[in-house]
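Notes follow the structure.
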Amino acid sequence: MATLFSTHSSTQNILITFTIIFLTSSLLPSSSAITGTDQRRPFKKIYAFGDSFTDTGNTGSLTGPNGFVHVSNPPYGTTFFHHPTNRYSDGRLVIDFVAQSLSLPFLPPYRNSKASRTYGVNFAVAGSTAINHAFFVKNNLSLDITPESIQTQMMWFDKYLESEGCKDPESDQCKEAVDDALFWVGEIGVNDYAYTLGSTVSDDTIRKLAINSFTEFLQGLLKKGAKYVVVEALPTTGCLPLAMTLAPSDDRDDIGCVKSVNNQSNAHNLVLQSKVSDLRQQFPQAIIVYADYWNAYRTVMQSPEKYGFKESFKACCGTGEPYNFEVFNTCGNPSVTACSNPAQYINWDGVHLTEAMYKVVADMFMDGNLCNPPFKTLLERKLRQP
């Protein structure tokens, strides 16, 4: 992404703005009634990790990025919840659809101490990074405005386990907390690249540090006894209206998105897949699923009408041409309106996706062929366990 924006005339504004990528959240409870209670639940709990595409409430408007300070305002949440929930979408996220498909309630954010944690917890934090925040401080990369990283989420998970009486991995309390749980690790790493825009830190350095840190995180979960793990790849971030708005017009790929940004995400994913393969060898007792977000998004962009979308690049909620997105006048601002039918749009607010798009991606993961091994393989193994 540094390549993409280094030639823009308003570099400083761009740097400030781009930190908003993938920052979502809520301070409000995000639980719902359990659906399909007459069905057998393959998992008793779900633990979720990641950044804004997975966060259901660990950050909010007052602590979030300057570019999106109106997430508590309508029309956020208009499609499903019918009121703002501080999710950066008109409705549900991928993790919400995953929970529902497994007959479990929406996951409460870890920071909501009043919410029931009977069926799991969401540790994902909008704006978080794979690399520890101290790296950005040390390199004077002040764009990293979110101190939480994937390591923070691990610390929160450890505290949660302690609260459940889990101190010895072999104890009954630990087995109760971990054995029948699905670990859903949402994408994380986009912010690491965004926070280094305009600096001398190279993409290669960020990729190496981010992947190493993320691999250590996954190893930590597996050592704690995680047996069923889904790891999301980075999506095609070059297709976001924000990237399209800021990129030079000659930086495009075969699907019309920003080539340099998509190449960056793809390069990251190739290394991630290799690390996941290594982890499968190290932890043969676990099933680790690679959820290919990059190709899921790309597949939709190649044939949007097949999935019911009429608008591929414009944001549903926004203003300005040509992508209905302006950096400093974003969705939730009283002067900004939303489209009448979000289900026809892939993108919601210029940075985040519509509920309709999240549903398509969730279906591709749960029922399609964009998980390796297929998600149904993970379910079948779980259901075979006594």
Side-chain angles (χ1 to χ4, degrees), residues 42-51 53-56 58 94-95 98-99 102 104 107-110 117 119-125 128-132 148-171 173-189 192 209-234 269 271-291 293 365 371-373 375 377-379 381-382 385:
F43 297 99
K44 293 182 179 179
K45 298 175 183 285
I46 301 176
Y47 300 122
F49 307 85
D51 63 15
F53 272 29
T54 309
D55 184 0
T56 57
N58 282 313
V94 168
I95 188 61
V98 170
L102 297 174
L104 293 169
L107 296 181
Y110 172 76
R117 297 175 175 179
Y119 300 101
V121 188
N122 192 332
F123 301 93
V125 183
S128 60
T129 54
I131 303 171
N132 193 290
E148 291 85 11
S149 65
I150 199 68
Q151 293 89 348
T152 305
Q153 296 176 42
M154 179 62 83
M155 288 189 292
W156 287 353
F157 183 54
D158 287 339
K159 290 180 180 179
Y160 163 79
L161 291 178
E162 290 179 7
S163 72
E164 296 293 301
C166 171
K167 296 182 180 180
D168 177 3
E170 299 301 318
S171 68
Q173 292 88 342
C174 288
K175 292 181 179 179
E176 175 67 22
V178 175
D179 280 2
D180 291 318
L182 171 66
F183 289 77
W184 191 277
V185 186
E187 66 86 19
I188 190 166
D192 297 73
L209 294 175
I211 291 290
N212 287 346
S213 177
F214 187 57
T215 301
E216 290 178 4
F217 167 79
L218 292 175
Q219 288 174 327
L221 292 181
L222 293 161
K223 289 178 180 179
K224 294 179 190 299
K227 298 177 181 178
Y228 311 98
V229 183
V230 176
V231 179
E232 286 186 6
L234 301 188
N269 289 336
V271 180
L272 176 60
Q273 289 182 74
S274 176
K275 293 296 183 181
V276 167
S277 179
D278 292 342
L279 288 172
R280 291 182 182 127
Q281 299 298 318
Q282 297 173 33
F283 299 91
Q285 76 281 6
I287 181 167
I288 308 173
V289 172
Y290 177 82
Y293 215 136
F365 290 163
C371 276
N372 180 28
F375 188 78
T377 301
L378 180 147
L379 285 178
R381 179 183 292 191
K382 178 63 179 66
Q385 299 304 308

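Just so it is clear, the values below take in all heavy atoms, side chains as well, and ignore hydrogens, waters and symmetry mates.
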Which atom of [X] lies closest to which atom of [Y], heavy atoms considered:
| X | Y | result |
| --- | --- | --- |
| E187 | E232 | N-OE1, 3.2 Å |
| T56 | P108 | OG1-C, 4.3 Å |
| S128 | G50 | OG-O, 3.1 Å |
| L102 | P42 | CD2-CG, 3.7 Å |
| T54 | N122 | O-ND2, 2.8 Å |
| D168 | C174 | O-SG, 2.9 Å |

Taking NZ, NE, NH1 and NH2 as the nitrogens, is one of them in D180 or K382 under 4.0 Å from a carboxylate oxygen of the other?
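Yes, charged N to carboxylate O under 4.0 Å.
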Would you say I46 and I95 make side-chain contact, with heavy atoms under 4.5 Å?
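They are in side-chain contact.
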If you define the side chain from C-beta out and look only at heavy atoms, does anything of R280 sit under 4.5 Å from P373?
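Touching, per the 4.5 Å side-chain cut-off.
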Drop me the distance from [X]'s [atom1] to [Y]'s [atom2], to the nearest 0.5 angstrom.
| X | Y | atom1 | atom2 | result |
| --- | --- | --- | --- | --- |
| M155 | F123 | CE | CZ | 12.5 Å |
| L378 | L182 | CG | CG | 6.5 Å |
| I188 | D51 | CD1 | CG | 5.5 Å |
| F43 | F183 | CZ | CZ | 10.5 Å |
| S171 | E176 | OG | CD | 10.5 Å |
| L234 | L272 | CG | CG | 7.5 Å |

Name the atoms and distances for all side-chain donor-acceptor pairs under 3.5 Å in residues 215-227, with sequence neighbours left out.
| unit_1 | atom_1 | unit_2 | atom_2 | d |
| --- | --- | --- | --- | --- |
| T215 | OG1 | I211 | O | 2.7 |
| Q219 | NE2 | Q282 | OE1 | 3.3 |
| K224 | NZ | D158 | OD1 | 2.6 |

K159: partners by salt bridge (Lys or Arg N to Asp or Glu O under 4.0 Å), with sequence neighbours left out:
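K159 satisfies salt bridge (Lys or Arg N to Asp or Glu O under 4.0 Å) with no other residue.
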Which one of Y160, F214, W184, F157 satisfies the ring pair (Phe, Tyr, Trp, His ring centres under 6.0 Å) criterion with F49?
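Testing F49 for a ring pair (Phe, Tyr, Trp, His ring centres under 6.0 Å) against Y160, F214, W184, F157 leaves exactly one candidate, F157.
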Determine whether I150 and Q153 satisfy the following criterion, side-chain contact (heavy atoms from CB on, under 4.5 Å), listing intermediate values before the conclusion.
CA-CA 5 Å; I150 199 68; Q153 296 176 42; 3.8 Å; yes
For the side chain of N58 and the backbone of A124, is there at least one donor-acceptor N/O pair under 3.5 Å apart?
yes
Using modelled atom types and a 3.5 Å cut-off, is there a donor and acceptor pairing between side-chain atoms of N132 and backbone atoms of S149?
no
So among N372, V230, V229, V276, which one has a side-chain contact (heavy atoms from CB on, under 4.5 Å) with V289?
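Answer to the side-chain contact (heavy atoms from CB on, under 4.5 Å) test with V289 among N372, V230, V229, V276: V230.
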Please report the C-alpha distance between Y293 and V94 in whole Å, then the side-chain angles of each, then the deciding distance to 0.1 Å, and finally whether the side-chain contact (heavy atoms from CB on, under 4.5 Å) criterion is met.
CA-CA 11 Å; Y293 215 136; V94 168; 4.0 Å; yes
My understanding is that only residues two or more places apart in sequence, or in another chain, count here; which of them pass disulfide bond (SG atoms under 2.5 Å apart) with C371?
none
Evaluate the criterion ring-ring contact (aromatic ring centres under 6.0 Å, His included) for residue pair Y110 and W156; output intermediate values, then yes/no.
CA-CA 8 Å; Y110 172 76; W156 287 353; 5.1 Å; yes
